[in-house]
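Side chains included, hydrogens not; waters and symmetry mates left out as well; all remaining heavy atoms used.
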Amino acid sequence: GGDLFERVFNTYKLMHKHQTLDFVKKKHMAWSGCTHSRMTVMETIECLDQLVDESDPDVDFPNSFHAFQTAEGIRREHPDKDWFQLVGLIHDIGKIMALWGEPQWAVVGDTYPVGCQFQNSIVFRDSTFVDNPDEKNTTLNTECGIYERHCGLDKVLMSWGHDEYLYQVMKFNKCPIPEEGLYMIRFHSFYPWHTHANYMHLCNDKDLNMLPWVKEFNKFDLYTKSCDLPDVEQLKPYYQSLIDKYCPGVLQW
């Protein structure tokens, strides 16, 4: 209904006003050192039940169900790729930032590069960037902005949110998830890229090789949000074994 649309729109309006290049750099300094908490992966999944994502028009049940639904969807189609199943389970746990004081517009929702022109495929593009100072900055509002053509997404700063944060946590804790899985974690909310084929001028060959994997992940992320809720307790031992393999014990967050 209207209230739900209003909630989603307001989240993006705040995001698109406040997420500047400077803001993103500050968030990297605040979060990428992983000094906020020490928790196991399963603990963070359980914590997410306290969170309702204000950017998501589809979901009114707890986040942990979506985690297990996504993982199970992947497990059915990719029974041989345990790392892919694990990524399905953990892809949203960076949203834990919202329980530690970050506003939702700096945690949830679709992502896009900062430091260059905001492309038209960004959600609510036409109405929500008017108060963003980067929009009026002639250094930043060209096609490449501060970047070089085909520099690779690894050199591009994305709007701050749960994708980038979890990617940083996985790197910091040296979790041996394959590169394809790390791309899924880092870019699953980057809809202008994986769904609208924008920002290709910033991509290198590695990004283009990884894009089909991100698209494959996206199938499960989007279309597993049924109200047919999984039996989480029954599934936990299997997924705990994957956590033990790829991101065991207590991680630094």
Supply the atom-to-atom distance [X] [atom1] to [Y] [atom2], rounded to the nearest 0.5 angstrom.
X	Y	atom1	atom2	value
Tyr12	Phe129	OH	CZ	10.5 Å
Cys116	Leu157	SG	CG	10.0 Å
His162	Leu48	NE2	CG	9.5 Å
Cys175	Leu86	SG	CG	9.0 Å
Thr111	Glu164	OG1	CD	9.0 Å
Leu89	Leu242	CG	CG	8.0 Å

Which atom of [X] lies closest to which atom of [Y], heavy atoms considered:
X	Y	result
Ile122	Pro192	CG1-CG, 4.0 Å
Trp160	Ala106	CD1-O, 3.1 Å
Val8	Ser55	CG1-O, 3.7 Å
Cys47	Leu99	O-CD1, 3.4 Å
Val156	Cys151	CG2-SG, 4.0 Å
Gln119	Glu143	NE2-CG, 4.5 Å

- [ ] Can you establish whether the number of heavy atoms outside Asp231 located under 6.0 Å from its atom CG is more than 12?
- [x]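 Yes - once you tally the heavy atoms of other residues, nucleotides and ligands closer than 6.0 Å, there are more than 12.
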Task: Crowding at NZ, Lys26 (>12 non-hydrogen neighbours, <6.0 Å) - done: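 Not more than 12 within 6.0 Å, no.
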Quick one: does [X]'s side chain get under 4.5 Å of [Y]'s, heavy atoms only?
X	Y	answer
His78	Phe220	yes
Ile243	Gln240	yes
Asn120	His196	no
Val24	Met158	no
Val87	His188	no
Tyr112	Arg125	no
Phe9	Ser127	yes
Leu235	Val232	no

Looking at [X] and [Y], would you say the former's side chain and the latter's main chain have a donor-acceptor pair under 3.5 Å?
X	Y	value
Gln85	Pro79	yes
Glu43	Thr40	yes
Asn132	Gln19	yes
Lys27	Ser32	no
Thr11	Arg7	yes
Asn141	Glu135	yes
Lys95	Val107	no
His150	Leu202	no

- [ ] Please check if any side-chain donor atom of Glu102 sits under 3.5 Å from a side-chain acceptor atom of Tyr165, or the reverse.
- [x]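 Side chains of Glu102 and Tyr165: no pair found under 3.5 Å.
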Open item on the list: Assess, by modelled atom type and distance only, whether the side chains of Ser189 and Asp163 contain a donor and an acceptor separated by less than 3.5 Å.
Closed with: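 There is such a pair between these side chains.
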Answer yes if [X] and [Y] sit in the same cluster of Ile, Leu, Val, Met, Phe, Trp and Tyr residues linked by side chain heavy atoms under 4.5 Å apart, and no otherwise.
X	Y	answer
Trp105	Val130	no
Leu211	Ile74	yes
Val250	Leu166	no
Ile45	Tyr238	yes
Leu208	Met210	yes

Give the ring-plane orientation class for [X] versus [Y], where under 30° counts as parallel, over 60° as perpendicular and anything between as tilted.
X	Y	value
Trp83	Trp213	tilted
His91	Phe217	perpendicular
Trp253	Trp100	perpendicular

Open item on the list: Using the rule given for side-chain contact (heavy atoms from CB on, under 4.5 Å), can you reason through Asp207 versus Trp193, listing the C-alpha separation, both sets of side-chain angles and the distance that settles it, and then say yes or no?
Closed with: CA-CA 10 Å; Asp207 301 323; Trp193 179 54; 4.2 Å; yes
Task: Residue among Val214, Asn198, Leu153, Asp110 satisfying side chain to side chain contact (heavy atoms under 4.5 Å, CB included) with Phe190 - done: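 It is Leu153; the other options fail the test.
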- [ ] Please determine which of Glu180, Met184, Glu77, Arg75 meets the side chain to side chain contact (heavy atoms under 4.5 Å, CB included) test together with Phe84.
- [x]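 Per the side chain to side chain contact (heavy atoms under 4.5 Å, CB included) rule, the option paired with Phe84 is Met184, out of Glu180, Met184, Glu77, Arg75.
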Open item on the list: According to side chain to side chain contact (heavy atoms under 4.5 Å, CB included), who are the partners of Glu46, at least two apart in sequence or on a separate chain?
Closed with: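 With sequence neighbours excluded, Glu46 shows a side chain to side chain contact (heavy atoms under 4.5 Å, CB included) to Met42, Lys236, given in chain and number order.
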TODO: Take His194 and Tyr191, measure what side-chain contact (heavy atoms from CB on, under 4.5 Å) needs, and give me the verdict at the end.
DONE: CA-CA 5 Å; His194 63 62; Tyr191 283 86; 3.4 Å; yes
Task: Lys155 and Glu148: CA distance, side-chain angles, deciding distance, salt bridge (charged side-chain N to carboxylate O under 4.0 Å, His left out) verdict - done: CA-CA 9 Å; Lys155 294 199 167 69; Glu148 286 176 29; over 6 Å; no
TODO: For His16, check side-chain hydrogen bond (donor to acceptor under 3.5 Å, both in side chains) against everything at least two apart and list the hits.
DONE: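 Here the qualifying residues are Thr128.
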- [ ] Step through it carefully: locate the ring centre of Phe187, locate the ring centre of Tyr199, and say whether they are under 6.0 Å apart.
- [x]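 No; Tyr199 has its ring centre 6.0 Å or more from that of Phe187.
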- [ ] For Gln168 and Trp31, run side-chain contact (heavy atoms from CB on, under 4.5 Å): C-alpha distance rounded to whole Å, both residues' side-chain angles, the deciding distance at 0.1 Å, then the answer.
- [x] CA-CA 8 Å; Gln168 295 292 343; Trp31 290 98; over 6 Å; no
TODO: Check step by step if side-chain contact (heavy atoms from CB on, under 4.5 Å) holds for His36 and Val169.
DONE: CA-CA 11 Å; His36 289 262; Val169 170; over 6 Å; no
